[in-house]
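On a predicted model such as this, the values are computed, not experimentally measured, just so you know. For ligands, and for the atoms within them, numbers begin at 1 and follow the listed sequence.
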Amino acid sequence: MRDAQCSLLLESFLHELHSKYKSCTEGTVANYIPELSKVNPELFSICIATVEGEIYQVGDYNELFTIQSISKVFVYGLALEDRGRDYFLTKVGVEPTGDAFNSIVLDEVSKRPYNPMVNAGAIATTSLIKGTGVTERLNRMLDMFRRYTGHNVFVDISVFTSERVTGHRNRAMAHLMLNFGTIDQSIDETLDLYFQQCAVMVNCHDLAVMAATLANKGINPVTGEQAIDSCYIKDILSVMYTCGMYNFAGEWAYKVGIPAKSGISGGIIAVIPNVMGIGVFSPPLDLRANSVRGVKVCEELSQKFGLHLFDCSRQKLQFCN
Ligand code: DON
């Protein structure tokens, strides 16, 4: 347990950050998936879950939203478990692209998508999820999300349908990968699964617990359940660190220094290994599709508690005592 003084400091800092950025009006909510444009841009929450299972939260942390690209992290873990690291690497690489999340680009030589965090790589990753038919594959994914969140999760049908009928760019990428043999014939099934994983509903509290599970060797710190084999945590965190924030990943690694992943609905997760998971939710996005308030909050948390992984000026993490 953290001592009472440290807990108070953390709680009051989260409140301070929340009131500092509540009035920030920068950014715009995503509208290329029509249903997402209906969200209230003022929603804002921050949650921290420690590896001991303590929770610190402020704002609209019970508000549900669709997980979107943050799902890529967890489905990547499931695909690694299903196929093993060596096979997975023949299908999807681990190179950052420096491109936007939806860029239609494959490695010229290998014809693999560059990494599992950009859409092309995520669709290829989803295609590797095992199961007989779409229902079994979806249920395996939902069960995986249950282990990370600690409760059953559901797909927002309106958002799923909205993306399904407008996701031509993702469909084009799937066809391109089918052409190169990167993914197999069942592209409609794979795209449906991908759109459904993106439409899984979570709240900010869930994001923090999911991130804390990654921080805690794959064990959900609240339920004690193993959500993923611990041997894949380093794969996941490495890819989050280098590719999780898209064409902002380099600047993020430099400034914030924590493995993280953002989603188009305004969520961000960040993982401090063996310490805690951070979840932030605020829908308005910057030009690189990352939550404006989310980025600012994580920058400040990193600075305040010395969270940057390569900050050797700290003896031990200032957050722990
Ligand atoms: O495939 C898409 O475009 C969305 N379902 C997810 C994109 C996303 O969240 C990108 N994140 N910043």
Per-pair distances, 0.1 Å, donor-acceptor, side chain in residues 221-232, under 3.5 Å, sequence neighbours excluded:
{"unit_1": "Thr223", "atom_1": "OG1", "unit_2": "Glu225", "atom_2": "N", "d": "3.1"}
{"unit_1": "Glu225", "atom_1": "OE1", "unit_2": "Arg146", "atom_2": "NH1", "d": "3.1"}
{"unit_1": "Glu225", "atom_1": "OE2", "unit_2": "Arg146", "atom_2": "NH2", "d": "3.3"}
{"unit_1": "Gln226", "atom_1": "NE2", "unit_2": "Lys217", "atom_2": "O", "d": "3.1"}
{"unit_1": "Gln226", "atom_1": "NE2", "unit_2": "Ile228", "atom_2": "O", "d": "2.9"}
{"unit_1": "Asp229", "atom_1": "OD1", "unit_2": "Cys231", "atom_2": "N", "d": "3.0"}
{"unit_1": "Tyr232", "atom_1": "OH", "unit_2": "Leu80", "atom_2": "O", "d": "3.4"}

Donor-acceptor contacts, no H, no angles, side chain residues 94-103, under 3.5 Å, sequence neighbours left out:
{"unit_1": "Thr97", "atom_1": "OG1", "unit_2": "Asp99", "atom_2": "N", "d": "2.9"}
{"unit_1": "Ser103", "atom_1": "OG", "unit_2": "Ala100", "atom_2": "O", "d": "3.4"}

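Within a 6.0 Å radius of CD1 in Ile104, other residues, nucleotides and ligands contribute more than 12 heavy atoms.
Between Ser265 and ligand 1, no N or O atom pair is found at a separation short of 3.5 Å. Taking any N or O of Gly263, backbone or side chain, none lies under 3.5 Å from an N or O belonging to ligand 1.
Within the 4.0 Å heavy-atom criterion, the part of Asn119 lying near ligand 1 is the side chain and not the backbone. The side chain of Glu163, and not its backbone, has at least one atom closer than 4.0 Å to an atom of ligand 1 (non-hydrogen atoms only; side chain from C-beta on). Contact annotation for Ile70 and ligand 1: no heavy atom of the residue comes within less than 4.0 Å of the ligand.
Of the candidates Phe160, Phe248, Phe101, Tyr246, the one placing a heavy atom closest to atom 12 (N) of ligand 1 is Tyr246.
Checking each of Val75, Val202, Asn152, Asp206 against Phe145 for a side-chain contact (heavy atoms from CB on, under 4.5 Å) leaves exactly one that passes, namely Val75.
Using a 4.0 Å cut-off between a side-chain N of Lys or Arg and a carboxylate O of Asp or Glu, Arg288 and Glu251 qualify as a salt bridge.
Side-chain N/O atoms of Ser162 and Glu35 include no donor and acceptor closer than 3.5 Å.
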Legend entry - Steps toward side-chain contact (heavy atoms from CB on, under 4.5 Å) verdict (Phe13, Leu9): CA-CA 6 Å; Phe13 190 60; Leu9 170 76; 5.5 Å; no
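When each atom of ligand 1 is checked for a heavy atom of Cys198 under 4.0 Å away, the hits are 5 (N).
In terms of protein heavy-atom proximity, atom 7 (C) of ligand 1 is closest to Ser69 OG, 3.0 Å. The closest protein non-hydrogen atom to atom 1 (O) of ligand 1 is Tyr194 OH, 2.6 Å. In terms of protein heavy atoms, atom 3 (O) of ligand 1 is closest to Tyr32 OH, 2.4 Å.
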